[in-house]
Structure formats: structure tokens, C-alpha cells
Amino acid sequence: MKAVDGVDLKVRRGETLALVGESGCGKSTLARLLLRLIRPTAGHVLFGGGEDILAYSNAQVVRARRDMQLVFQNPYASLNPRATVGRIIAEPLRVHGFDGAVRTRVRELLDMVGLRPEHYDRYPHEFSGGQRQRVGIARAIALNPKLIICDEPISALDVSIQAQIVSLLRDLQSELDLTCVLISHDLSVVKHIADRVAVMYLGRVVEIADRADLYDAPRHPCTASLLSAIPVPDPVKERERRRIVLTGDLPSPAAPPEGCAFHPRCPQAQPPCARSTPHLEAAEGEGHFASCFFPLPGDARSGDDERDGAAAPRPPVDEGRPSPSRADAPAPDRERPMGDRTQAKDHHPGVANRPSRRDRQSEPGRTVAGGDGEDARCLAESLRCRSSDCRHVRAWSTSPA
Ligand SMILES: Nc1ncnc2c1ncn2[C@@H]1O[C@H](COP(=O)(O)OP(=O)(O)OP(=O)(O)O)[C@@H](O)[C@H]1O
Ligand code: SF4
Ligand SMILES: [Mg+2]
């Protein structure tokens, strides 16, 4: 079984990279791999100056852990109930041979995370969930780490406390120049803190982009579905909100589907998606990558700006113009789409107003797919178009491919 497979990620110094995805998609496993709490069967984890921490001896790993710390999901389970808060926060200082005054440092840390000096001698059960998570954060930053990995740091907390912890993390990050990997399944939280967002599905990263790009123009249907789940704080807009509800459960990583792992649940799926596996490729927008043969169009925006700055994703199927870079998309079948295309149009209205095929082929940078000269954009448009007299459909039905 591969809980995480083929992940290739860079976390830039000082940034917050959010890892999001459905429960069970491999976020925590990836976090544990990054910290070498577990070892991958293959691959590398390069840290700092580019050294592979998987090749470190145990003593080197202990030293490296000074610079890499974890904030756990559950503040109730991650603190020793028999130890005082002072002792809990002091533990990493003692383990790593802190040479200053431990008590003074712990008081300083308590202050940094918004707790009071008198909390030093209290036990975890004497705190609220939010306060316990502050203790967990104080412990994580005790050694001035360079990288902090927060695994669902707020999912066990109620909404008002979530905002406080997000705000605390953001402040600490800029104050301490921390690099942060934030794991969450909640994109409404991530948009307040992340610089870049990576979306995972069944152990793989399926889309990665700057936060604004991802929220304004998600390219992968899985991302669009996650974004469509963000509630809008306006009752009227909320009623009109178009949810993209995925059917079925996350498949087992022990027996992932053939082809694109998302295809059994994808509203955009086409028959070729069951045969070939897409890889992360550049989408429109700098640093935007998605692994989808038929990505959502990158230029349309929804009017749901009430989502606290985040534009809503487009519906799963419209008159979209997929990325012309998908030149290696598999040849289409002439069958009906596989997914639940509830909003499919009878005809592709964008086709009539676009330049001729010859004109489009002469555009600079145009990618041509297949020997018949039809490009990848036309390929995907013809797949979306259900009209028998669409010239794109005719082009493909007569194509040798
Ligand atoms: N120690 C383990 N042994 C076997 N399978 C495991 C182990 N740890 C995790 N898994 C499996 O790996 C997959 C990914 O688990 P992981 O905990 O990384 O998911 P996650 O994305 O963090 O989910 P959540 O959002 O619920 O925390 C799951 O299918 C899980 O059952
Ligand atoms: S359109 Fe196809 S390739 Fe893209 S996510 Fe859906 S199933 Fe995968
Ligand atoms: Mg997890």
C-alpha cells in the first residue's frame, strides 16, 4: 500500500505551504515523512543546505529535529497529563541541552503564545482546548526551529478559538521567520494563512499554486470540489451556492483506481481518464501546476467574492477552455462522459466565436496534439461538446486517433 506516492514538493524558506485534501489522502503521512518520523520506501527529503535527512545517523536526526518541529492535531492527546505546562514546554530545551535559564525561557514562550506566567505550574486538564494548543505551539517553537509543521492544528477547536490560533500562528511566523507547512482539510482557514497551497488526493499532489491563483482559478476538479464546500457568509448567496458534491468515498490506497485515481468520483471524467495517469504539469499562472487531462478553465471567475476574498470555483462542466499545454492528453472515446455531468451543455457555445483552426494553429506557443493538426484545446472541447454537428466533434470522429 502506498499512503503517499510520487510527491515532489519544495517548501520555500519563510513561506507557509498548506497541504489540503480529504481525510485519508496522506497529509499526516507526508508530514511524518518530512520529519523522518517514518521512512519512505524510496525518495529523498532535502532540508536546509540540501542534505538528505533520510541519510542521517540517529544522532544527526536528533540534531536536525531542533530545526524541525511538529504541532499536533489533538491538543488533548498530545500533552502529557501528568506533567505541568512548564515541564512540557521545557522538555525540548532539556533534551537538546539548552544552556540558558530554562524557567525564564519557558515564561518567555508562555508570553509569546498568549498565556500567563501563572500558567507555568498548571496541568493540561486545567486548560481549554485553545489554551492547550497554545502550549503545543510554545513547545514547538521553544528551540527556535526553522521549519514548523502544523498537522490540523485547529480542527479539534471550536470556530472562535480557531481564529485565535490561526492569528497566533501567523504572528509567530513573521516574528520568528518560520517556514511553515500547514496541514488542513479546511480551505476557508488555509486562505487566511497560506502563501501556497498543495491539494492532495489519494497520496498524490494533484494541484499546487499560489493561494490567490488556486482560489481564483482552480484547475483540478478535486480542488474545485473542496473550494465549493466553503460556506458563504451571506444567506442569499449561500442558498445560491453551487456545491460540487463528490459521490462515493475516497478509494483505498491499497487498491487505487487505474488511470487517474480521481476518475471514479470526478465530475469531469472522460473515458481516457480511466486508462492513463495524469502528471503535474504547468497550468496558466506562474507556479501553478495541476495533474488533470481536462483541467477547468483558468480565466473565468465566479461572482461569489463574499467568500472572504476567495472566488468560487466554476461548475464542473461549462464552456471551458482547458489548458493548451495538455497536448499529451489521451485520445478521446466517442462515448458519453463517465462522471456525473449535471451541468453539461447541449452545445459548446464558445466554438462559434473562436478563430478558425488554421488561425489558432498559427498562434505563437500553440501546442498541437496528434497528426491531424487538432490541438489539445479542441480535444477537450470536443469531449465536452455533446452536439453531433459541432465541427470539433466531427474533427475527432474522423481522426485516425
Ligand atoms: N501506520 C499506518 N499503517 C497503515 N496504514 C496507515 C498508517 N498510517 C496511515 N495509514 C493509511 O494511510 C492513509 C493516509 O493516512 P493519513 O493519516 O496520512 O491521512 P490524512 O490525510 O492525514 O487524514 P486526516 O485528514 O483524517 O488526518 C490512510 O488510508 C490511512 O489509513
Ligand atoms: S478530468 Fe480526468 S484527469 Fe482530470 S481529474 Fe477528472 S478524471 Fe482525472
Ligand atoms: Mg491527518
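Order of listing sets the numbers, starting from 1, for every ligand and every atom in it. Residue numbers start at 1 and run along the sequence shown.
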Atoms in ligand 1 flagged as close to Arg32, the criterion being non-hydrogen separation under 4.0 Å: 8 (N)
Result for side chain to side chain donor-acceptor pair (under 3.5 Å) between Gln73 and one of Ser155, Ser28, Ser78 points to Ser155
Among Thr29, Leu30, Leu19, closest by heavy atom to atom 15 (O) of ligand 1 is Thr29
May I ask you to list the atoms of ligand 2 that are less than 4.0 angstrom from any heavy atom of Cys266? 1 (S), 5 (S), 6 (Fe), 7 (S)
Does the side chain of Val135 come within less than 4.5 Å of Pro124's, by heavy atoms? no
Do the side chain of Gln133 and the main chain of Gly130 share a donor and acceptor less than 3.5 angstrom apart? no
Distance check below 2.8 Å: does His263 bring an N, O or S atom to atom 4 (Fe) of ligand 2? no
Treating Ser291 as the side-chain partner and His279 as the backbone partner, does any N or O pair qualify as donor plus acceptor under 3.5 Å? no
In this structure, is the centre-to-centre distance between the rings of His220 and Tyr201 below 6.0 Å? no
Under a 4.0 angstrom heavy-atom cut-off, which atoms of ligand 2 come close to Phe293? 3 (S), 4 (Fe)
Donor-acceptor under 3.5 Å (Tyr215 side chain, Leu187 main chain): yes
Under 4.0 angstrom from ligand 1, any heavy atom of Gly26? yes
His220 contact mode with ligand 2 (heavy-atom cut-off under 4.0 Å): side chain
Any protein heavy atom lying closer than 4.0 Å to atom 25 (O) of ligand 1? yes
Does a side-chain heavy-atom distance below 4.5 Å link Leu280 with Asp8? no
Short list, please: which atoms of ligand 2 are under 4.0 Å from a heavy atom of Cys273? 1 (S), 2 (Fe), 3 (S), 7 (S)
Tested for side-chain contact (heavy atoms from CB on, under 4.5 Å) against Pro145, the lone hit among Met68, Gln69, Arg66 is Gln69
For Arg65 versus Arg36, what's the shortest heavy-atom pair and its separation? NH2-O, 3.0 Å
Mode of Pro253 contact toward ligand 1 - side chain, backbone, both, neither (heavy atoms, under 4.0 Å): side chain
Could you tell me whether Glu152 approaches ligand 1 through its side chain, its backbone, both or neither, with non-hydrogen atoms closer than 4.0 Å? side chain
re atom 8 (Fe) of ligand 2, the protein heavy-atom contact at minimum distance is Cys260 SG, 2.3 Å
In a check of side chain to side chain donor-acceptor pair (under 3.5 Å) between His288 and each of Glu281, Glu207, Arg219, which one passes? Glu207
Checking the side chain of Arg211 only, and the main-chain atoms of Lys191 only, is there a donor and an acceptor separated by less than 3.5 Å? yes
Has ligand 1 got any nitrogen or oxygen that is less than 3.5 angstrom from a nitrogen or oxygen of Cys25? yes
Can you check atom 29 (O) of ligand 1: any protein non-hydrogen atom closer than 4.0 Å? yes
Have a look at ligand 2 and work out which part of Cys292, if any, has a heavy atom under 4.0 Å from it: side chain, backbone, both or neither. both
Can you check whether Ala142's main-chain N or O pairs, donor with acceptor, with Arg105's side chain at less than 3.5 Å? yes
Around atom 12 (O) of ligand 1, find the nearest protein heavy atom and jot down its residue, atom name and distance. Ala3 CB, 3.4 Å
Looking only at distances, please establish whether an N/O atom of ligand 1 is found under 3.5 Å from an N/O atom of His185. no
Which of the numbered atoms in ligand 2 are below 4.0 angstrom from a heavy atom of Phe262? 5 (S)
With side-chain contact (heavy atoms from CB on, under 4.5 Å) as the criterion, how do Leu115 and Gln131 come out once you've worked through the C-alpha distance, each side chain's angles and the decisive distance to 0.1 Å? CA-CA 7 Å; Leu115 295 173; Gln131 286 174 321; 4.0 Å; yes
side-chain contact (heavy atoms from CB on, under 4.5 Å) with Met200: of Val206, Leu30, Ile183, only one passes, and it is Leu30
Atom 27 (O) of ligand 1 has as its nearest protein heavy atom Ser28 OG, 3.9 Å
Specify whether the nearest protein heavy atom to atom 1 (N) of ligand 1 is under 4.0 angstrom away. no
Ser28 backbone or side-chain N/O/S under 2.8 Å from the Mg ion (ligand 3): yes
Looking only at non-hydrogen atoms, the one of Ala254, Gly24, Ser252, Gly203 nearest atom 13 (C) of ligand 1 is Gly24
Touching ligand 1 at all, Met1? Heavy atoms, strictly under 4.0 Å? yes
